[in-house]
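All values reported here derive from a predicted model rather than from experimental measurement.
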Protein chains: 2
Amino acid sequence: MDTSQPLRDTIIESLRSGQLRAGDRLPTERAFCEQYRISRTTVRKVLQELKERELISQTVGSGTYVTEHAAQKLASMAADASASQISPAVLMEARLALEPAIVEMVIGNATAADFEQMESCCAKAEAAASNEEFEVWDGLLHERIAQAAHNAFVANVFALMNQARAQGEWGMLKKRSLTPERRLAYQQEHRALVQAIKNRDPALARERATEHLLHVRRNLLNY
Amino acid sequence: MDTSQPLRDTIIESLRSGQLRAGDRLPTERAFCEQYRISRTTVRKVLQELKERELISQTVGSGTYVTEHAAQKLASMAADASASQISPAVLMEARLALEPAIVEMVIGNATAADFEQMESCCAKAEAAASNEEFEVWDGLLHERIAQAAHNAFVANVFALMNQARAQGEWGMLKKRSLTPERRLAYQQEHRALVQAIKNRDPALARERATEHLLHVRRNLLNY
DNA sequence: CTAAATTTGTCCGTATGTATT
DNA sequence: AAATACATACGGACAAATTTA
């Protein structure tokens, strides 16, 4: 059995209920040992975990304290837990809102090298022998476009999208919805989008990105 | 002194030089104890670290093994170390691109309860006695707006923004740039933005969000 | 200002449980 | 079935930093 669980649970619960607030000092490690009848090794294991989660901090000679942003961290924990499960419908709604904005940003920041990579992705997607291979280059094209924004934050947002896409029903949905006709249409839409970006035409690029995503959503979710 | 350092260094160096390759089995914990004249607790502490970094894996009854992607993980360590820092300029550029899009999405999804919370944030920000307090409600208002999109992915994006904002020069920059006149202007811009969202006027809401962010950026970065 | 007490940081040796070989 | 090897836990000791008397 895990003898560390009671201590861990009690501390977390105290933080959640507000019995322990930012700046408060926790009992000493040895006090926890006696109170919970566990070894100091076990106590320190628990405190180590909480310290890594930035819920507490420890100072030699002084004691163990609740960090200033403990409540916030704890709140964002719950959010993160439910975060990785994002439905295709929710993700597509967000992509429809955000990607056209990213495309407009790309127009301001993209270089010739970026365009080359985009067109290379288009070409390789068109030459793909299988649907699996096509999807690889499809995904890579969208990634190249996002990277062409040359903005670290946008790159993080795109990584989030990939994460949501990788873990879930998305793969199955996409596989089932990709017919030869649709693939051909996607290829044309990709080319048209890249061309609009290359021409530095914000309005047209936005429109083509939106239309492509609407098309993908319609095929994926039937609306 | 840290008696765990020699063992840690030796293993890392062996991984880096290729003496230890993917799938290779490491000596047993007790063998390390004897070889380095350290306790098993210390050995386990080192192996625990490497396990968390996904460089090795351990199996009960079998042994300790080098993971398949150990070399790759080790290589990307150095890169990641300098990666996660996003400058205020980069963050503001991304916010300018993404937040107006989010605002437009909010118009389609926000409820009466959302509007109440937004206006409550505005009121509390206006009533704030100190700049610190004002910033709390300022941040909370932007959070409420993002939450009103009622989209889990957008919520994640906003959490990313908070993370980038919390860790860095942002706090100092903001504190230094917030004068009484500017604070008053922000309050009016907030009210105007919320009103536009409430009126479900996409174009106006976008414009006001953009103007507010441009204003913040100008004050923050002087351009 | 000094010295003692307190508290975390690190390390050690041992014992028992559990899964694999 | 026995040996091997990791998983978990305990209690003790000393060092280092801080607080207190």
Side-chain angles (χ1 to χ4, degrees), chain A residues 1-15 19-71 73-74, chain B residues 1-15 19-71 73-74:
Chain A
M1 270 299 295
D2 189 351
T3 58
S4 66
Q5 208 58 256
L7 173 59
R8 187 187 352 262
D9 290 349
T10 305
I11 296 179
I12 295 281
E13 184 49 37
S14 297
L15 288 171
Q19 288 173 34
L20 280 175
R21 300 186 193 191
D24 282 1
R25 201 189 127 162
L26 275 67
T28 69
E29 295 182 350
R30 285 183 173 78
F32 277 138
C33 295
E34 292 186 11
Q35 187 177 349
Y36 290 86
R37 304 300 186 96
I38 56 183
S39 73
R40 195 163 157 229
T41 313
T42 306
V43 171
R44 284 187 62 74
K45 199 184 79 182
V46 171
L47 297 183
Q48 176 65 27
E49 284 178 26
L50 299 179
K51 198 158 50 167
E52 277 171 9
R53 289 202 259 170
E54 294 181 55
L55 295 173
I56 63 171
S57 66
Q58 292 189 294
T59 313
V60 180
S62 179
T64 307
Y65 302 89
V66 179
T67 59
E68 290 305 318
H69 51 279
K73 279 272 174 189
L74 202 57
Chain B
M1 269 297 296
D2 188 351
T3 58
S4 66
Q5 210 56 254
L7 173 59
R8 185 185 355 260
D9 289 349
T10 305
I11 295 179
I12 295 282
E13 185 50 36
S14 296
L15 288 171
Q19 288 173 34
L20 280 175
R21 299 186 193 190
D24 281 2
R25 197 186 131 167
L26 276 66
T28 69
E29 295 182 348
R30 285 184 173 80
F32 277 137
C33 297
E34 292 185 10
Q35 187 177 350
Y36 291 87
R37 302 303 185 94
I38 56 182
S39 75
R40 189 147 166 244
T41 313
T42 307
V43 171
R44 285 187 61 75
K45 200 182 81 181
V46 172
L47 297 183
Q48 176 64 27
E49 284 178 28
L50 300 180
K51 197 159 51 169
E52 277 172 9
R53 288 203 261 169
E54 294 183 51
L55 295 173
I56 63 171
S57 66
Q58 292 189 296
T59 313
V60 182
S62 178
T64 307
Y65 301 89
V66 178
T67 60
E68 290 305 319
H69 51 279
K73 278 272 174 189
L74 202 57

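- The shortest side-chain heavy-atom distance between B/T10 and B/Q35 does not fall under the 4.5 Å cut-off.
- Spacing between atom CD of B/E34 and atom C1' of D/dA5 amounts to 14 Å, rounded to whole angstrom units.
- One finds no side-chain N or O of A/Q58 lying less than 4.0 angstrom from the OP1 or OP2 phosphate oxygen of C/dT7.
- In this entry the distance linking CD of B/E29 with P of C/dC11 reads 16 Å, nearest Å.
- Among the nucleotides C/dC12, D/dA5, D/dT8, the one closest to any side-chain atom of B/R44 is D/dT8.
- For the pair A/S4 (side chain) and A/V46 (backbone), a donor-acceptor distance under 3.5 Å is absent.
- Considering only side-chain N and O atoms, B/T42 lies under 4.0 angstrom from the phosphate OP1 or OP2 of C/dC12.
- The side chain of A/K51 contributes an N or O atom lying less than 4.0 Å from OP1 or OP2 of C/dG9.
- One donor-acceptor pair, N or O on each side, does fall under 3.5 Å between the base of C/dG9 and the side chain of A/R40.
- Side chain of A/R25 to main chain of A/S62: a donor-acceptor pair is present (N/O by atom type, distance under 3.5 Å, no hydrogens or angles).
- Toward the 5' end of DNA chain D, the nearer of the two residues A/S4 and A/V60, judged by each one's closest nucleotide, is A/S4.
- One finds a side-chain N or O of B/K45 lying less than 4.0 angstrom from the OP1 or OP2 phosphate oxygen of C/dC11.
- When the P atom of D/dT18 is taken as reference, atom CZ of A/R25 falls 14 Å away, rounded to whole Å.
- Where A/T41 and A/L47 meet DNA chain C, the nucleotide closest to each residue was compared, and A/L47 sits on the side nearer the 5' end.
- Between the side chain of B/T64 and the main chain of B/L26, no donor-acceptor pair closer than 3.5 Å is present.
- Atom pair A/Y36:OH and D/dG11:P shows a separation of 17 Å (rounding to whole Å applied).
- Using a 4.0 Å cut-off, some side-chain N or O of B/S39 falls inside it from OP1 or OP2 of C/dC12.
- Put simply, A/T28 has no side-chain N or O that comes within less than 4.0 Å of OP1 or OP2 on C/dT6.
- Considering B/R44, B/Q48, B/K51 in turn, B/K51 is the only one that fulfils the side chain to side chain donor-acceptor pair (under 3.5 Å) rule with B/Q58.
- Between the CD1 atom of B/I38 and the C1' atom of C/dT14 there is a distance of 17 Å, given to the nearest Å.
- In the set D/dC6, D/dT18, C/dC11, D/dT18 carries the atom at the smallest distance from any side-chain atom of A/S62.
- Looking at B/I11 and B/F32, their side chains come closer than 4.5 Å, going by heavy atoms from C-beta outward.
- The nearest whole Å value for the distance from the CD1 atom in A/I56 to the P atom in C/dT7 is 16 Å.
- By the neighbour-count criterion of 12 heavy atoms within 6.0 Å, atom CZ of B/R21 is sparsely surrounded, having that number or fewer from other residues, nucleotides or ligands.
- Rounded to a whole Å, the CZ atom of A/R30 is 11 Å from the C1' atom of D/dC14.
- Applying the 6.0 Å contact sphere to CD of A/E52 captures more than 12 heavy atoms from other residues, nucleotides or ligands.
- Recorded end-axis angle for the helix from C/dT2-D/dA21 to C/dT21-D/dA2 stands at 0°, based on five pairs per end and rounded to 10 degrees.
- As a whole-Å value, the separation of A/D2 CG from D/dA9 C1' is 10 Å.
- Taking only side-chain nitrogens and oxygens, A/T59 never comes nearer than 4.0 Å to OP1 or OP2 of C/dT8.
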